[in-house]
K.L.:
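Below you'll find the structure I mean.
Only a predicted model underlies this, so the values are computations on that prediction, with no experimental measurement involved. Throughout, a chain's letter reflects where its sequence line sits, starting with A, and its residues are numbered from 1.
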Protein chains: 2
Amino acid sequence: MAKPDQYQLAVPLRPTTRSLPIALLRARETVMEPIRDMLAKSQISEQKWRILRVVDERGPVEQTAIAKDACLLLPSLTRLIAAMEQDQLIHRSPDPKDKRRSMVRIADKGRALIDTHAPESQDIFTRLEDQFGHKDLEHLLDLLEKLQDVKL
Amino acid sequence: MAKPDQYQLAVPLRPTTRSLPIALLRARETVMEPIRDMLAKSQISEQKWRILRVVDERGPVEQTAIAKDACLLLPSLTRLIAAMEQDQLIHRSPDPKDKRRSMVRIADKGRALIDTHAPESQDIFTRLEDQFGHKDLEHLLDLLEKLQDVKL
DNA sequence: GTAAATTAATTAACATGTCAAGTATTGCAA
DNA sequence: TTGCAATACTTGACATGTTAATTAATTTAC
């Protein structure tokens, strides 16, 4: 009474809980929930928030670099930057050394937005640390940082 | 000669490399690159691939559950499921016990798609394991699984 | 130096994400 | 039993994601 599956040679996929891309996505959803609530108050999207942070962190920076650091594609970035410039969250100026580029820097209103949310952001992180454990969280961040440098 | 910043009380944000949501996103981009290449050959999107895997894993399942497991919102899922049903990747049937629901299950063509990509998928994972280290990878997956259950 | 290849950014077209509102059904409470 | 809240989607409108094509400027190769 051989079961038909006996000769099955198909390679089974990993269970989704052990699929790294899916696990990263699910974990991120958990962490993003309170942050989304926070940003909703300011009518600002997750993407614009990432752009603000990257531009704030890097200072005057070209769009290609923002795209890489904020995990956005250039076409999306073009539209987002245009809207954010309109809203006075950032400024943009042509690069005199390379006329193809424009340099982006944070504007007062953008900086104010960051300052406004920084305490709540820190509070969310602290709550996470309390529940997840300081050591595990640091270790997780180390592993994620290492993962970003892997070349596949 | 006091620097103006001397009295600044603003809470600084964490550097983006140590921001968990951003680190999760960047890490995911690294891992997804070869998978996107793989899926592009079959003209299938990342989202549809996740749906296929979840439906395959869970068997006949309602859409709300798929949405949760595949990290999609219901409106997106409605459209994706419609397209995938059209393409015969999945089947959908009304739940006799609850007329609001419909149960989704994988179709032959969907299963074939999974079988087709399983070896390459496994190969990608192996390459990752080689570069990243088996132990670190398992630990990372453990931490991500734990993170998903945190309540903020 | 000049043509060809490369880079930075943009645009267009369509897929997917997201929020708000709507429909049908079910569960629950008075 | 009735009516009201909750659930499971669905739809519409607009934001963002994604690919391919395009433009302008720069770099490279000859």
Side-chain angles (χ1 to χ4, degrees), chain A residues 21 25-26 28-29 32-33 35-52 54-55 58 60-87 89-90 92-104, chain B residues 21 25-26 28-29 32-33 35-52 55 60-87 89-90 92-104:
Chain A
L25 194 53
R26 288 178 182 165
R28 186 165 193 274
E29 285 307 301
M32 281 307 296
E33 199 183 318
I35 298 179
R36 281 192 238 276
D37 294 345
M38 172 184 89
L39 297 178
K41 294 175 201 159
S42 298
Q43 308 265 63
I44 194 169
S45 70
E46 218 183 294
Q47 293 83 349
K48 289 177 181 173
W49 179 245
R50 283 207 305 279
I51 292 172
L52 271 185
V54 168
V55 171
R58 300 195 44 151
V61 60
E62 60 192 292
Q63 289 176 225
T64 303
I66 301 174
K68 183 181 248 181
D69 282 8
C71 296
L72 293 166
L73 296 179
L74 273 170
S76 291
L77 192 68
T78 294
R79 285 180 309 220
L80 289 163
I81 290 283
M84 292 172 75
E85 197 181 12
Q86 198 76 26
D87 293 346
L89 295 172
I90 55 169
R92 200 161 54 133
S93 45
D95 181 351
K97 309 194 177 186
D98 186 339
K99 291 175 191 168
R100 292 170 303 181
R101 302 185 195 185
S102 54
M103 289 309 212
V104 178
Chain B
L25 194 53
R26 289 178 181 165
R28 187 165 192 274
E29 286 307 301
M32 281 306 296
E33 198 182 317
I35 297 179
R36 281 192 238 276
D37 295 344
M38 173 183 87
L39 296 178
K41 295 176 203 159
S42 298
Q43 306 266 62
I44 193 169
S45 69
E46 217 184 297
Q47 293 83 351
K48 289 176 181 173
W49 179 245
R50 285 206 305 279
I51 292 172
L52 270 186
V55 170
V61 60
E62 60 190 295
Q63 290 177 223
T64 303
I66 301 174
K68 184 182 246 180
D69 282 8
C71 296
L72 294 166
L73 295 179
L74 272 170
S76 290
L77 192 67
T78 294
R79 285 179 306 221
L80 289 164
I81 290 283
M84 293 172 75
E85 198 181 10
Q86 199 75 27
D87 293 345
L89 295 172
I90 55 168
R92 200 162 54 135
S93 46
D95 180 350
K97 310 194 176 185
D98 186 338
K99 292 175 189 165
R100 291 169 303 183
R101 300 185 195 184
S102 53
M103 289 309 213
V104 178

K.L.:
What's B:T64 touching, base or sugar-phosphate or nothing? Going by heavy atoms closer than 4.0 Å.
P.N.:
sugar-phosphate
K.L.:
Can you see which heavy atom on A:Q63 is nearest to which on A:L77, and at what distance?
P.N.:
O-CD2, 3.1 Å
K.L.:
Where each residue is assigned the nucleotide of DNA chain C containing its nearest heavy atom, which of A:S102 and A:R79 is assigned the position nearer the 5′ end?
P.N.:
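The residue mapped nearer the 5' terminus is A:S102.
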K.L.:
For B:R50 and C:dT16, give me the distance from atom CZ to atom P, rounded to whole Å.
P.N.:
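Going from B:R50 (CZ) to C:dT16 (P), I get 11 Å.
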K.L.:
Just the rounded figure in Å: distance from P of C:dT25 to CD of B:E62.
P.N.:
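For the pair B:E62 CD and C:dT25 P, the rounded distance is 17 Å.
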K.L.:
Side-chain N or O of B:Q47 less than 4.0 angstrom from OP1 or OP2 on C:dG17?
P.N.:
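Yes, such a contact exists.
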K.L.:
To the nearest angstrom, how far is B:I44 atom CD1 from D:dT18 atom P?
P.N.:
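Computing the B:I44:CD1 to D:dT18:P distance gives 15 Å.
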K.L.:
Rounded to whole angstrom units, what separation is found between the CE atom of A:M103 and the C1' atom of C:dA8?
P.N.:
11 Å
K.L.:
Please tell me if B:T78 has a side-chain N or O lying less than 4.0 Å from either OP1 or OP2 of D:dC9.
P.N.:
no
K.L.:
When you measure from the side-chain N and O atoms of B:S76 to the phosphate of C:dG17, is any distance below 4.0 Å, counting only OP1 and OP2?
P.N.:
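Yes.
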K.L.:
Going through the distances and angles, do A:R92 and A:M103 end up as a side-chain contact (heavy atoms from CB on, under 4.5 Å)?
P.N.:
CA-CA 6 Å; A:R92 200 161 54 133; A:M103 289 309 212; over 6 Å; no
K.L.:
Could you give the CD-to-C1' distance, from A:Q86 to D:dA15, as a whole number of Å?
P.N.:
16 Å
K.L.:
B:L72 near the nucleic acid: base, sugar-phosphate alone, or nothing, with a heavy-atom cut-off under 4.0 Å?
P.N.:
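The answer is sugar-phosphate, as B:L72 gets under 4.0 Å only of primed atoms, P, OP1 or OP2.
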K.L.:
Identify which nucleotide among D:dG17, C:dT18, D:dT19 has an atom closest to any side-chain atom of A:R36, counting heavy atoms from C-beta outward.
P.N.:
C:dT18
K.L.:
Let me know which of A:L74, A:I51, A:V55 forms a side-chain contact (heavy atoms from CB on, under 4.5 Å) with A:I81.
P.N.:
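Testing each of A:L74, A:I51, A:V55 against A:I81, the sole residue satisfying side-chain contact (heavy atoms from CB on, under 4.5 Å) is A:I51.
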K.L.:
In whole angstrom, give the distance that lies between atom CG of B:L39 and atom C1' of D:dG17.
P.N.:
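It works out to 16 Å between those atoms.
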K.L.:
Rounded to the nearest angstrom, tell me the gap between atom CG in A:L73 and atom P in D:dA20.
P.N.:
12 Å
K.L.:
When you get a sec, tell me which of C:dT25, C:dA9, C:dC19 is the closest nucleotide to the side chain of B:R100?
P.N.:
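My answer, after comparing the listed nucleotides, is C:dT25.
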K.L.:
Using a 4.0 Å heavy-atom cut-off across all strands, classify A:L80 as base, sugar-phosphate, or nothing.
P.N.:
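Answer is sugar-phosphate: A:L80 comes under 4.0 Å of backbone atoms only.
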K.L.:
What pairs with A:E46 under side chain to side chain contact (heavy atoms under 4.5 Å, CB included), at least two apart in sequence or on another chain?
P.N.:
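A:E46 satisfies side chain to side chain contact (heavy atoms under 4.5 Å, CB included) with A:R28, A:M32, A:R36, A:R50 only.
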K.L.:
Would you kindly give the CG-to-C1' distance between B:L74 and D:dG12, to the nearest whole Å?
P.N.:
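For the pair B:L74 CG and D:dG12 C1', the rounded distance is 16 Å.
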K.L.:
Check every atom of D:dT10, C:dA9, C:dT16 against the side chain of B:K48 and return the nucleotide holding the closest atom.
P.N.:
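Closest nucleotide among those given: C:dT16.
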K.L.:
Determine, for B:R100 against B:D98, whether the closest basic-nitrogen to carboxylate-oxygen distance falls under 4.0 angstrom.
P.N.:
yes
K.L.:
Measure from the side chain of B:R101, starting at C-beta and using heavy atoms only, and say which of C:dT18, D:dT26, D:dA8 lies closest.
P.N.:
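Side chain of B:R101 sits closest to D:dA8.
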K.L.:
Apply side-chain contact (heavy atoms from CB on, under 4.5 Å) to the pair A:V61 and A:D69, showing each step before the final yes or no.
P.N.:
CA-CA 11 Å; A:V61 60; A:D69 282 8; over 6 Å; no
K.L.:
Hey, is the side chain of A:R92 poking within less than 4.0 Å of OP1 or OP2 on C:dT10, counting only N and O atoms?
P.N.:
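Checking C:dT10 against A:R92, a side-chain N or O does come within under 4.0 Å of OP1 or OP2.
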K.L.:
On DNA chain C, nearest-nucleotide positions of A:E46 versus A:Q63: which is more 5'?
P.N.:
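Upstream on the strand: A:Q63.
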